[in-house]
2 protein chains.
Amino acid sequence: MNIGDAAKATGLSSKTIRYYESIDLIAADRQENGYRTYTDAHVHKLRFVQRARGLGFSIDDCRALLSLYQDKHRASAEVKNIAQKHLEEIEGKIAELQDLQQTLSHLVEHCAGDHRPDCPIMDGLSGELHEASAKVAKLH
Amino acid sequence: MNIGDAAKATGLSSKTIRYYESIDLIAADRQENGYRTYTDAHVHKLRFVQRARGLGFSIDDCRALLSLYQDKHRASAEVKNIAQKHLEEIEGKIAELQDLQQTLSHLVEHCAGDHRPDCPIMDGLSGELHEASAKVAKLH
DNA sequence: ATAAGGCTTCCAGTAACTGGAGGGTCAAGA
DNA sequence: TCTTGACCCTCCAGTTACTGGAAGCCTTAT
């Protein structure tokens, strides 16, 4: 199977597959003409990484997960540990974004959005943001 | 005021302030010895950008906001438009992350995390993820 | 005189690709 | 047989918003 077929089979782009090889994540065999060749085993690994990336795991996490994937004697605790950390990062990011969302939506709601220059968003950005946030915080 | 003092006054690092100058975001005056000089007006602009960045606005958004900040005849609609778009992006990201969080926490909860190799997380990554997601979706 | 600190510029690296240039390879149709 | 189009190859640059570090000047205090 050439790289284009592997790409179709995995949902990754050829570029991305070459990139993964360049960072020693997933190696491919080569034909005489220099073309990369992919077996079913290669495709399974690529799909594995594609799914892990889709869940937001970093390439480094993928590297670790891939090595556990191929380790018959792995402890599920190692896998869980990686996933748990990633989950906590995601939860942290959600909390951060929700904070921003609170502050921003408050500002946006109070902006007339017309031809006049007066603007609570600008007021917030030019120095009254903490006060605004404090007000929002009080409401909850 | 030298760059170090401007840094302390704004909460930005000297490096970052120099970077903002290098991308033509906020220019500084120069002394005879080549040192940058900052006035109160400079510091206000720097703080403005620092707050906007803190709310997650991109540098390009900051550029636009800064120009509106200095425009006495701006229409608040322009500001609101930028903020609204940004807010929508944030809400989109929150939704994405919550999706990941659902799927991941489901997988993590069902992993024993012991010495044995059996692992629902690995199962998910190696091909049963969609089924797992579907199950999670059904629960809600 | 020298040492400590602050200032300067410039280069490289970060994460994970993506786009594009320039150029081989292969199979099918005229 | 030639050519066309669809592949494939490598290498370089660009993306975001900085951050770290090297090499070297300026200033102030001891």
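A, B, ... follow the sequence lines: proteins, then strands. Residue 1 opens every chain.
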Check: Any side-chain donor paired with an acceptor under 3.5 Å for B:H42 and B:T39?
Finding: yes
Item checked: Atom-to-atom span, CD1 of B:I26 to C1' of D:dA17 - whole angstrom -> 14 Å
Next item on the list: Could you state the atom-to-atom distance from CD of B:Q31 to P of D:dC26 in whole Å?
Entry: 13 Å
Check: What nucleic acid atoms does A:Y20 come within less than 4.0 Å of, heavy atoms only: base, sugar-phosphate, or nothing?
Finding: sugar-phosphate
Note to self: Going by the rule salt bridge (Lys or Arg N to Asp or Glu O under 4.0 Å), which residues pair with A:R63 if we only count those two or more places apart in sequence or in a different chain?
What the structure shows: A:D60
Next item on the list: On DNA chain C, reading 5' to 3', which nucleotide is the first and which the last to sit with an atom under 4.0 Å from a heavy atom of chain A, could you check?
Entry: C:dA16 to C:dC26
Margin query: Once side chain to side chain contact (heavy atoms under 4.5 Å, CB included) is applied, do any residues pair with A:N2, and if so which ones, sequence neighbours excluded?
Written below: A:D5, A:Q31, A:Y35
Notebook entry, point to check: Taking C-beta and beyond as the side chain, do A:S105 and A:V108 meet within less than 4.5 Å on heavy atoms?
Noted result: no
Notebook entry, point to check: Which is true for A:I3 with a 4.0 Å heavy-atom rule: it touches a base, it touches only sugar-phosphate, or it touches nothing?
Noted result: sugar-phosphate
Notebook entry, point to check: When you look at A:I90 and B:Q98, which way does the side chain to side chain contact (heavy atoms under 4.5 Å, CB included) test go after all the steps?
Noted result: CA-CA 8 Å; A:I90 286 174; B:Q98 282 174 337; over 6 Å; no
Next item on the list: Would you indicate whether the side-chain heavy atoms of B:L55 and A:L125 approach each other to under 4.5 Å?
Entry: yes
Checklist line | Close side-chain approach of B:Q84 to A:L104, heavy-atom, < 4.5 Å | finding: no
Next item on the list: Return the residues of residues 32-45 of chain A meeting this criterion: a heavy atom under 4.0 Å from some atom of DNA chain D. Order them by number, or give none.
Entry: A:G34, A:Y35, A:R36
Next item on the list: Identify, with sequence neighbours excluded, every residue that meets side chain to side chain donor-acceptor pair (under 3.5 Å) alongside A:Q101.
Entry: B:E91
Note to self: For A:M122 and B:L65: C-alpha separation, side-chain torsions, deciding distance, then whether side chain to side chain contact (heavy atoms under 4.5 Å, CB included) applies.
What the structure shows: CA-CA 8 Å; A:M122 275 298 169; B:L65 289 169; 4.2 Å; yes
Notebook entry, point to check: What does B:R18 touch in the nucleic acid at a heavy-atom separation under 4.0 angstrom: a base, only the sugar-phosphate, or nothing?
Noted result: base
Checklist line | Over all atoms of both residues, closest heavy-atom pair of A:E21 and A:A28 | finding: OE1-CB, 3.6 Å
Checklist line | Residue list, side chain to side chain contact (heavy atoms under 4.5 Å, CB included) with B:T10, at least two apart or on another chain | finding: B:L12, B:I17, B:V43, B:L46, B:R47
Notebook entry, point to check: What residues, two or more places apart in sequence or in another chain, satisfy side chain to side chain contact (heavy atoms under 4.5 Å, CB included) together with A:E89?
Noted result: A:H86
Next item on the list: Under the salt bridge (Lys or Arg N to Asp or Glu O under 4.0 Å) rule, collect the residues that match up with B:D114, sequence neighbours excluded.
Entry: B:R116
Next item on the list: Return the value, rounded to whole Å, for the distance between atom CZ of B:R53 and atom P of D:dT16.
Entry: 11 Å
Check: Looking at DNA chain D, which of residues 58-68 of chain B put a heavy atom within less than 4.0 Å of it?
Finding: B:S58, B:I59
Check: Does the side chain of B:I82 reach to within under 4.5 Å of the side chain of B:L68, using non-hydrogen atoms?
Finding: yes
Next item on the list: Give a yes or no on whether the backbone of A:I3 and the side-chain of A:R36 come within a donor-acceptor separation of less than 3.5 Å.
Entry: no
Notebook entry, point to check: Quick one: bend of the helix from C:dA1-D:dT30 to C:dA30-D:dT1 from 5 pairs per end, to 10°?
Noted result: 40°
Check: Going by the ring-ring contact (aromatic ring centres under 6.0 Å, His included) test, which pairs reach into residues 1-27 of chain A, not counting sequence neighbours?
Finding: none
Checklist line | Nucleic acid contacts of residues 7-17 of chain A, taken as heavy-atom distances under 4.0 Å to DNA chain C | finding: A:S13, A:K15, A:T16
Checklist line | Protein-nucleotide distance (B:N2, atom CG; D:dT28, atom C1'), rounded to Å | finding: 13 Å
